[in-house]
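Shown next, in structure tokens, is the structure this report addresses.
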Amino acid sequence: PLNWGGDFAPVTLTTTCTQRLIENRGPGPLIIRGIILSGGHALTEGGAIRSWSAPLALDRVTLKDNVSGWGGGAVYLKDYPLSITNSLFENNATIASPSYQYPSGGAVYFWNSDVTIFNSQFNYNWASSNGGAILGKSGTLDITASWFDHNKAIGGGAIHILDVKATVEQSEFSHNMAQGVVGAAAGVGGGVRAECSTVTNWENSPFFTPDCKAEFTDTIFFNNTASDQGGGLCVWQMIAKIEGGQFVDNDTPGGYGGGAFYFRSHGPINNTLFHSNTAGAFGGGLYFDSNGYLSAATNNAFTENTAGAGAG
């Protein structure tokens, strides 16, 4: 493997030009340690790093103020594993252009990859379309002891995953926002939007792809906002399990499920607190549509949740 950086004072790699900082085409793994990557600007994918054909590992790396015009303001990865440890992603963005109308993944965009994140922070990242901090399409996503704060997008203020098997443990989503565009797109999943596109039969259960599911354990959703659905969490067409969670002060001013929203989805919710969440329409704490259901519920608390049209 190729190793960059080390245990000395951080080295900063930056640019003032419209160019990507690192292009990784393998054939061996690329490991980056203890450096700062800032100011990268790619017209397509990966403002700081684009990794096409080799595994990528980031350890004690800061990626800030990077921009792309299509996917992954800081990092774009396809088909290979990505490991992020003890790292900071801050103020990265994907910005729409005439060539790319729906850029996603303000900090990270992965496609058909296995991604692990440990003890890392994603703050103030932004996407013009989906996934303010992370956009994932197919693969796996494992997050432990990490923080997502003040990220923003249309769908998935912090994270938007599609056809991804996800596990989130001991992490926190706070002050993230999914802000819709009037007449164009709904703001869905202030903290996280998790969905599956491969469901084929709504009438028979189980009707979900086994590898398209999400589990949230000992994870906090605090003061996130979605303009239309799922202030803290929005689940579409998949199985989602919540264990030991907290949904506090989340809001969906124009819609449903201030704490969490389930659309054609189901799963168990146990040992979880829903407190002081609000919805403009229905389901201040939790909302299931007519095709969804709660498969199991034990030792949950719903306190001081409110909804404008009922079912607080």
Taking the six-membered ring of Trp236, is the NZ or CZ of Arg264 close enough (under 6.0 Å from the centre) and on axis enough (within 45°)?
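Cation-pi check for Arg264 and Trp236: fails.
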Which heavy-atom pair separates [X] from [Y] by the least distance, and what is that distance?
X	Y	result
Ser146	Phe118	OG-C, 3.7 Å
Ala127	Gly105	CB-N, 3.9 Å
Ser51	Asn24	OG-ND2, 2.9 Å
Ala226	Gly189	CB-N, 3.8 Å
Gly284	Ala307	N-CB, 3.7 Å
Asn151	Ala158	CB-CA, 4.0 Å

Any side-chain heavy-atom pair of [X] and [Y] under 4.5 Å:
X	Y	value
Leu141	Phe110	yes
Phe122	Ile134	yes
Asn277	Phe302	no
Val181	Ile154	yes
Phe173	Asn250	no
Leu30	Ile22	yes
Leu56	Ile49	yes
Phe247	Thr272	yes

Under 3.5 Å, is there a donor-acceptor pair between the [X] and [Y] side chains?
X	Y	answer
Ser276	Asp249	yes
Thr116	Asp142	no
Gln246	His275	no
Asp65	Ser38	no

Under the criterion side chain to side chain contact (heavy atoms under 4.5 Å, CB included), I'd like the reasoning laid out for Leu273 against Thr303: C-alpha separation, chi angles, the key distance, then a yes or no.
CA-CA 8 Å; Leu273 170 67; Thr303 60; 4.1 Å; yes
Parallel, tilted or perpendicular: ring planes of Phe216 versus Phe221, cut at 30 and 60 degrees
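Plane angle over 60°, so perpendicular.
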If the plane angle is over 60° it's perpendicular, under 30° parallel, otherwise tilted; pick one for Tyr287 and Tyr256.
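Geometry flag for Tyr256 against Tyr287: tilted rings.
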Hey, what do you get for [atom1] ([X]) to [atom2] ([Y]), rounding to the nearest 0.5 Å?
X	Y	atom1	atom2	value
His266	Met238	NE2	CE	10.5 Å
His175	Asp149	NE2	CG	6.0 Å
Ser129	Ile95	OG	CD1	13.5 Å
Thr85	Ile117	OG1	CD1	9.5 Å
Leu58	Ser87	CG	OG	5.5 Å
Thr62	Ile36	OG1	CD1	5.0 Å

Short N-O contact, Arg50 and Glu23, less than 4.0 angstrom
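So Arg50 pairs with Glu23 through a salt bridge.
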Is there a path from [X] to [Y] through hydrophobic residues (I, L, V, M, F, W, Y) whose side chains come within less than 4.5 Å of each other?
X	Y	result
Val75	Ile84	yes
Leu82	Ile35	yes
Val61	Phe148	yes
Val67	Trp126	yes
Ile32	Tyr80	no

Partner of Asn271 by side-chain hydrogen bond (donor to acceptor under 3.5 Å, both in side chains), out of Thr217, Asn300, Asn299, Asp218:
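Running side-chain hydrogen bond (donor to acceptor under 3.5 Å, both in side chains) over Thr217, Asn300, Asn299, Asp218 with Asn271 returns exactly one hit, Asn299.
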Name of the residue among Asn224, Thr225, Asn123 meeting side-chain hydrogen bond (donor to acceptor under 3.5 Å, both in side chains) with Asn176:
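One option only clears the test, and that one is Asn224.
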Return yes if some donor-acceptor pair links the side-chain N/O of [X] with the main-chain N/O of [Y] below 3.5 Å, else return no.
X	Y	value
Ser227	Gly180	yes
Ser113	Asp79	yes
Gln237	Cys196	yes
Ser128	Thr94	yes
Ser138	Trp111	no
Asn125	Phe89	yes
Thr252	Asp228	yes
Asn130	His160	no
Asn92	Asn66	yes
Ser68	Ala42	no

With sequence neighbours excluded, residues passing salt bridge (charged side-chain N to carboxylate O under 4.0 Å, His left out) with Asp114:
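If we apply the salt bridge (charged side-chain N to carboxylate O under 4.0 Å, His left out) test to Asp114, skipping adjacent residues, there are no hits.
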With sequence neighbours left out, write down each residue that passes salt bridge (charged side-chain N to carboxylate O under 4.0 Å, His left out) with Glu304, or none if nothing qualifies.
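Glu304 satisfies salt bridge (charged side-chain N to carboxylate O under 4.0 Å, His left out) with no other residue.
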Could you go step by step and tell me if Lys152 and Tyr124 meet the side chain to side chain contact (heavy atoms under 4.5 Å, CB included) rule?
CA-CA 7 Å; Lys152 185 177 179 180; Tyr124 294 95; over 6 Å; no
Could you give me the CA-CA distance, side-chain angles and deciding distance for Tyr262 and Ile269, then say whether side chain to side chain contact (heavy atoms under 4.5 Å, CB included) is met?
CA-CA 12 Å; Tyr262 280 60; Ile269 300 177; 4.0 Å; yes
Would you please test Leu233 and Ile242 for side chain to side chain contact (heavy atoms under 4.5 Å, CB included) and show each step?
CA-CA 11 Å; Leu233 170 66; Ile242 301 173; 3.9 Å; yes
